[in-house]
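Keep in mind the model is a prediction, meaning the values are calculated, not measured.
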Amino acid sequence: MTTAPETSTTRLDIGGMSCTACATRIEKKLNRLEGVEATVNYATERATVRAEAGVDPQVLIDTVERTGYTAQVRDPRGSAHDAGHGDHEGLHGVASMRRRLVVSAVLTVPVVLLSMVPALQVDYWQWIALALATPVVLWGAWPFHRSALMNARQGAATMDTLVSVGVSAAFLWSLWALVLGEAGHIGMTMRWTWLAQGSGSHEIYLEVAAAVTVFVLGGHYLEAGAKHRSSAALRALMELQPAVDVAVGETFTVRPGERVATDGVVVEGESSVDEQMLTGESVPVDKVVGDEVTGATVNVSGRLVVRATAVGEDTRLAQMARLVEEAQEGKAEVQRLADRVSAWFVPGVMALAVLTFGAWLLLGGTLLQAFTAAVAVLIIACPCALGLATPTALMVGTGRGAQLGILIKGPQVLESTRRIDTVVLDKTGTITTGVMGVVEIAPAPGVEESELLRVAATLEHASEHPVGRAIAGQAEHGTLEQFRNHAGQGVSGVVDGEPARAGRLSWLEVPPSRLAPRTSGGGNTGTVVAVERGGRFLGTVTVADTVKETSAGAVAELRALGLEPILLTGDNRQVAESVAAQVGIDRVEAEVTPDDKLRTIERLKAEGRVVAMVGDGVNDAAALAASDLGIAMGTGTDVAIAASDLTLVEGDLRKAAEAVRLARATLRTIRRNLFWAFAYNVAAIPLAMSGYLNPMVAGLAMAFSSVFVVGSSLRLRSTPLT
């Protein structure tokens, strides 16, 4: 029997990428290394590399650099350090690009005006235009030229190749026309035209070279800003963590108005804590000794002393940030399709440009007409919008999910969520609270409810049983002496000077005729505790796992989305059917083992269903992993969360319906983006080839397509989820 080799994950920050074709090239180079599986995301500018033990990260960096890009290993200590570091570098890149854009735009405006408005074309205007356009073409467009040269050395072509070739061709033609042709003569004039209909060596295209550079720089600047805004949720999460140095096991004080330094347990004090950043709920949660608190939540009222249980990357906040980050770095299948298209698109466009140039000459066109049509093809066909269509929407979608309390492990989860038609729900901790509570109080005839509860609470106050703890808080306690626990039966003692007992009906020998009708009926699904004192039957208290207030509404929302809910539980059928009836579920699978849960999921999938499983316990882990979409309640076990695809932070089932709506909205945005990106190229390339598109108009349209896609994706941040 052979064992799989141990693997480790390395994350790299990649620099120098300009389009998805760049990301595809790096990905291919890394995946050619033995024992390496890599994914490169253009939108996040990061690579996730899973490699067999022994693969030196420096080898990965060297491979990326030989491909013509920069790389550095991300700090393995956690997302907090990474987020700040990446944010600083990202801001630096945006600022540099903005400076290059502003200077180029200032120089380009007079070039365009001189070229378009004959009244401004004074003597030697063309030479003034050359002086202004040269810095734009050489310095403003340098990132495109540099990238094109690096790719050419590797025998590859990217979007930057198209931009560089188009801008260089327009500039060099203009330089030739000015120096060797007729364009440099005094009194030469030009008129603006939407079409590419030049007819001689007196035509120059300096305005095209400069304006295209500005348009593309503007598109890149907006893209960089979109990436910065798309990761705002991750940065906001990390900025919430107070800068306090605490070790596990140490205690720290949290005063009113302060943030909790790290995850821990309250050891002293009582207060209310605002957990809105974690759960989305605006109502503060009461905390007493023994309760858990989460780092970065806000102490509202009293003073708390907390013992740290997790710090750094082990905190819940860091885990949330890591899930968001990993989701943004991954790739959905639809994105891989766009990457494959972009990879062959650039060489195809280069071939079309050459074909266009030759066809115009063969069909009797002038050299200038052939040239301008070919340049227009190069510029209009940049696949930037195509490359941005999917990753920007996925980044914004996963970030919006984090803000809503929905943690998505990877972008492919959004696709799975869109397709599901069946949702299987665990009972305890998912539909119900998972905490025992009093659901019915039935005093015997002639007995006050207060007396029944006082005796029951006094006896159960000394019990450690969950049923006893549920009753103990129902009333003030009397005096208790000679307490005894009778295993499997109940408890006894002397309450306020009289012997008393609380426990099973059979132990107290209570005949059915003495029970209230609602308690003796067969519909009761809780644990009935009978109470007596001094030989006198006082009545019964029924304890059960209570249904969450939001569960019925959540099931109704899931039905409205076209999903069939199924209750799957290890509890007895009577209890399961009672809970199902309360929340509106028709189909119940009860008294199942963890293996049975797994087989149920597999059976439903064999029927052709696309199944989501919602659970919170260790016994749900196998079913969560086997389902098409595993959804864990954030209040559940770490095992369940690890086995799931999606986590509902606050444990509210309504968030499952919200996750489905978010996924559908994200996928609608992706489809819309891809449609317009493809439609743009399909419509524009023939226009450019036929000579009906001025290269400068082509550059403007190309930049606009990228801006449109980015803007469409950013709408997800505020669009209502319906």
Side-chain angles (χ1 to χ4, degrees), residues 332-333 406 408-410 412-432 434 525 545 547-548 551-552 554-634 636-648 651 653-657 659-661 663-664 667:
E333 187 57 36
I406 303 167
I408 302 165
K409 284 192 176 178
Q412 70 282 352
V413 172
L414 291 172
E415 293 177 309
S416 301
T417 307
R418 175 179 60 90
R419 298 194 305 269
I420 61 172
D421 53 38
T422 304
V423 57
V424 176
L425 304 170
D426 173 50
K427 180 183 74 69
T428 306
T430 300
I431 294 177
T432 66
T525 58
D545 180 8
V547 173
K548 294 179 182 178
S551 292
V555 171
E557 288 185 43
L558 291 169
R559 283 190 180 278
L561 291 169
L563 310 180
E564 180 188 354
I566 299 174
L567 181 61
L568 185 65
T569 178
D571 212 337
N572 69 72
R573 179 162 293 278
Q574 188 179 20
V575 171
E577 290 180 347
S578 173
V579 170
Q582 292 181 61
V583 299
I585 295 177
D586 301 325
R587 183 171 171 179
V588 177
E589 300 276 349
E591 301 176 6
V592 295
T593 66
D595 288 346
D596 292 333
K597 288 188 176 184
L598 175 59
R599 282 191 284 271
T600 300
I601 298 296
E602 292 174 342
R603 184 177 71 249
L604 291 170
K605 291 171 67 175
E607 293 173 3
R609 297 172 182 257
V610 182
V611 183
M613 167 71 186
V614 187
D616 76 322
V618 175
N619 63 331
D620 300 319
L624 286 167
S627 60
D628 295 295
L629 177 71
I631 303 176
M633 308 299 276
T637 64
D638 291 342
V639 175
I641 293 172
S644 67
D645 303 304
L646 185 151
T647 301
L648 311 180
L653 191 57
R654 290 176 301 183
K655 291 293 183 180
V660 174
R661 290 194 290 269
R664 291 178 177 177
L667 268 296

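The closest donor-acceptor contact from the side chain of Thr600 to the backbone of Asp596 lies under 3.5 Å. Distance alone, capped at 3.5 Å, places no donor-acceptor pair between the Arg587 side chain and the Glu564 backbone. Thr432 places a side-chain N or O within 3.5 Å of a backbone atom of Lys427 that can act as its donor or acceptor partner. Remark: side-chain polar atoms of Arg419 are not paired, donor with acceptor, to backbone N or O of Asp628 under 3.5 angstrom. Of the possible polar contacts, none joining the Lys548 side chain to the Leu653 backbone as a donor-acceptor pair under 3.5 Å is found.
One finds the CZ atom of Arg573 at 13.0 Å from the OG atom of Ser578 (value rounded to the nearest 0.5 Å). Between atom CE of residue Met613 and atom CG of residue Leu629 there is a gap of 11.5 Å, rounded to the nearest 0.5 Å. A distance of 12.5 Å separates CG in Asp421 from CG in Leu561, rounded to the nearest 0.5 Å. Here CE of Met633 is found 9.0 Å from CG of Leu425. Values are rounded to the nearest 0.5 Å. Taking CD1 from Ile406 and CG from Leu648, the interatomic distance works out to 6.5 Å, rounded to the nearest 0.5 Å.
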(Q) As a quick check of understanding, evaluate side-chain contact (heavy atoms from CB on, under 4.5 Å) for Val660 and Glu557, giving each step before the final call. (A) CA-CA 10 Å; Val660 174; Glu557 288 185 43; over 6 Å; no
(Q) If you apply the rule side-chain contact (heavy atoms from CB on, under 4.5 Å), what do you find for Val583 with Leu567, and how did you get there? (A) CA-CA 10 Å; Val583 299; Leu567 181 61; over 6 Å; no
Q | Residue pair Ile566, Leu604: steps toward the side-chain contact (heavy atoms from CB on, under 4.5 Å) verdict | A | CA-CA 11 Å; Ile566 299 174; Leu604 291 170; 4.1 Å; yes
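Summarising the geometry of Lys597 relative to Thr569, their closest heavy-atom pair is CE-CA, 4.4 Å, with the distance given to 0.1 Å. For the pair Gly584 and Arg559, the tightest heavy-atom approach, listed with the atom from each and the gap, is O-NH2, 3.1 Å. Contact between Leu624 and Gly615 at its shortest, heavy atoms only, is CD2-N, 3.9 Å.
Side-chain atoms of Ile631 and Lys655, non-hydrogen and from C-beta on, never get closer than 4.5 Å to each other. Looking at Ile431 and Ile585, their side chains come closer than 4.5 Å, going by heavy atoms from C-beta outward.
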